[in-house]
Amino acid sequence: EPDEIFGIDLDDDGLNDFNFFNESFTTTVFYSDLANIRALFVGAFDTMQNGIIASLGYLSGGGGYTYFRPYPLDSGIIVGEMFNFYNDNYQTLAKIAYKTIDPEDALPGGKWYPWYGEDITNKFIGFRFIDEVESLHYGWIRCSVIDSGHTLIIHDYAYEMTQDNPIIAGDTISYVDINNHQSVANVVIYSTGQLISINCENKYFTNVNVIDMSGK
């Protein structure tokens, strides 16, 4: 709700690794117009190596500044080293600016904002964090944004216990990488539980043989 803060301390060291903010404030926007802002933020804290999967942008106005917009990941996305992770403390999930001279002139922002009335519920924030023994872990936080981008719900979260191992968004079964001994380009093979997944970018790659330990 407005002006509330929530933090997650994954390694129980007394310091939050990730914090969420629901804030309202007044600032200047484009062309120096004054506006009232309602915004949902998430940030990585505790160590510079903690990070959130996001896009990076830059605005040249007002002296110039860099901003970050976390992605609302779908269930099943692999969270791992293939993504860019950013450590900024205030990364914009969703915001809307109401100009004081014309409150009907609202400027939305953020990838978690329902620009066209989308259902932004049960999406995932992908993250990485360093634990108390300096091991790297990947994880996800399942969230929903409702009330036209004004309210954030944090449902649950998980991280992979095995260091440096990816995790699948929404899953709580350990990810197992399967070596591709034939070195076929652009093929990623992995399993979670009893499910084997093969991601292949080559549309001509159509024959798959699965053989168990006994040779069957």
Side-chain angles (χ1 to χ4, degrees), residues 2-11 15-74 77-100 105-116 118 120 123-131 134 136-145 148-152 154 157 159 164 166-167 169:
D3 302 318
E4 287 188 335
I5 299 173
F6 179 77
I8 299 175
D9 178 9
L10 293 169
D11 51 4
L15 299 172
N16 289 340
D17 296 286
F18 301 95
N19 285 317
F20 293 83
F21 308 88
N22 189 336
E23 296 192 354
S24 57
F25 53 93
T26 300
T27 187
T28 55
V29 291
F30 295 113
Y31 307 111
S32 300
D33 291 333
L34 199 64
N36 298 315
I37 310 293
R38 287 287 304 273
L40 301 173
F41 298 108
V42 61
F45 290 81
D46 193 8
T47 170
M48 290 295 294
Q49 292 174 286
N50 287 348
I52 295 167
I53 297 175
S55 66
L56 176 66
Y58 181 80
L59 285 178
S60 58
Y65 65 92
T66 301
Y67 61 93
F68 306 86
R69 298 178 297 176
Y71 290 104
L73 302 177
D74 291 324
I77 297 296
I78 301 173
V79 178
E81 63 180 359
M82 68 288 294
F83 283 104
N84 291 320
F85 294 82
Y86 297 102
N87 181 258
D88 194 69
N89 293 162
Y90 282 84
Q91 303 186 34
T92 303
L93 295 174
K95 72 174 182 179
I96 187 165
Y98 301 95
K99 291 185 179 180
T100 55
D105 187 6
L107 303 173
K111 295 183 180 296
W112 289 72
Y113 184 85
W115 288 78
Y116 304 103
E118 303 96 327
I120 312 293
K123 299 292 186 179
F124 296 89
I125 294 171
F127 69 82
R128 72 179 183 193
F129 90 102
I130 301 295
D131 64 17
E134 300 299 317
L136 174 66
H137 300 270
Y138 295 101
W140 52 260
I141 305 170
R142 185 168 62 97
C143 301
S144 296
V145 172
S148 298
H150 288 166
T151 302
L152 173 70
I154 304 168
Y157 54 89
Y159 70 88
D164 300 320
I167 190 172

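Only this structure's heavy atoms are used, side chains among them; waters, hydrogens and symmetry mates stay out.
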Legend entry - Asp3 vs Ser24, side-chain contact (heavy atoms from CB on, under 4.5 Å): CA-CA, chis, key distance, verdict: CA-CA 7 Å; Asp3 302 318; Ser24 57; 3.6 Å; yes
Legend entry - Geometric class of the Phe124/Trp140 ring pair [parallel <30°, tilted 30-60°, perpendicular >60°]: perpendicular
Inset, instruction - Indicate yes or no: at least one non-hydrogen side-chain atom of Asp9 is less than 4.5 angstrom from one of Asp17. - result: yes
Inset, instruction - Please report the shortest heavy-atom distance between Ile78 and Pro166, naming the atom on each side. - result: CG2-CB, 3.7 Å
Inset, instruction - Can you measure from CD1 (Ile167) to CZ (Arg128) and round to the nearest 0.5 angstrom? - result: 15.5 Å
Legend entry - Steps toward side-chain contact (heavy atoms from CB on, under 4.5 Å) verdict (Lys99, Leu34): CA-CA 6 Å; Lys99 291 185 179 180; Leu34 199 64; over 6 Å; no
Inset, instruction - With sequence neighbours left out, write down each residue that passes side chain to side chain contact (heavy atoms under 4.5 Å, CB included) with Ile154, or none if nothing qualifies. - result: Phe6, Phe20, Ile141, Cys143, Leu152
Inset, instruction - Supply the atom-to-atom distance Lys111 NZ to Leu93 CG, rounded to the nearest 0.5 angstrom. - result: 12.0 Å
Legend entry - Residues that Phe129 engages under ring-ring contact (aromatic ring centres under 6.0 Å, His included), provided they are two or more places apart: His137, Tyr159
Inset, instruction - Check whether any side-chain heavy atom of Val79 lies under 4.5 Å from a side-chain heavy atom of Phe85, and answer yes or no. - result: yes
Legend entry - Chi angles and distances behind the side-chain contact (heavy atoms from CB on, under 4.5 Å) call for Phe21, Leu40: CA-CA 6 Å; Phe21 308 88; Leu40 301 173; over 6 Å; no
Legend entry - Spacing of Asn87 atom CG and Phe68 atom CZ [to the nearest 0.5 Å]: 8.5 Å
Inset, instruction - Measure from the side-chain N and O atoms of Asn89 to the backbone N and O of Ala44, and report whether any donor-acceptor pair falls under 3.5 Å. - result: yes
Legend entry - Closest contact, heavy atoms only, Gly149 versus Ala94: O-CB, 4.2 Å
Legend entry - Check: Leu10 and Asp131 side chains under 4.5 Å, non-hydrogen atoms: no
Inset, instruction - For Lys95, check side chain to side chain contact (heavy atoms under 4.5 Å, CB included) against everything at least two apart and list the hits. - result: Ala39, Thr92
Legend entry - Close side-chain approach of Thr66 to Tyr86, heavy-atom, < 4.5 Å: no
Legend entry - Nearest atoms (heavy-atom pairs only) where Tyr113 meets Pro108: CE2-CB, 3.3 Å
Legend entry - Heavy-atom pair with the smallest gap, counting every atom of Glu134 and Gln49: OE1-OE1, 3.9 Å
Legend entry - Nearest heavy-atom neighbours spanning Gly126 and Leu73: N-CD1, 3.8 Å
Legend entry - Atom CD of Glu118: over 12 foreign heavy atoms under 6.0 Å: yes
Inset, instruction - Mind checking the CG-CG spacing from Leu56 to Asp88? Nearest 0.5 Å is all I need. - result: 9.5 Å
Legend entry - Any Glu23 side-chain heavy atom under 4.5 Å of Ile37 side chain: no
Inset, instruction - Determine whether His150 and Ile96 make a side-chain contact, defined as any pair of heavy atoms from C-beta on separated by less than 4.5 Å. - result: yes
Inset, instruction - Kindly determine whether Asp46 and Asn16 satisfy side-chain contact (heavy atoms from CB on, under 4.5 Å), including the steps that lead there. - result: CA-CA 6 Å; Asp46 193 8; Asn16 289 340; over 6 Å; no
Legend entry - Residue Met82 excluded, over 12 heavy atoms near CE under 6.0 Å: yes
Legend entry - Side chain to side chain, Ile125 and Ile53, heavy atoms closer than 4.5 Å: no
Inset, instruction - Pick out which of Trp112, Phe18, Tyr90 makes a ring pair (Phe, Tyr, Trp, His ring centres under 6.0 Å) with Phe41. - result: Tyr90
Legend entry - Closest non-hydrogen atom pair between Phe45 and Asn50, with its separation: O-ND2, 2.8 Å
Inset, instruction - Could you check if a side-chain atom of Pro70 sits within less than 4.5 angstrom of a side-chain atom of Val42, using non-hydrogen atoms only? - result: yes
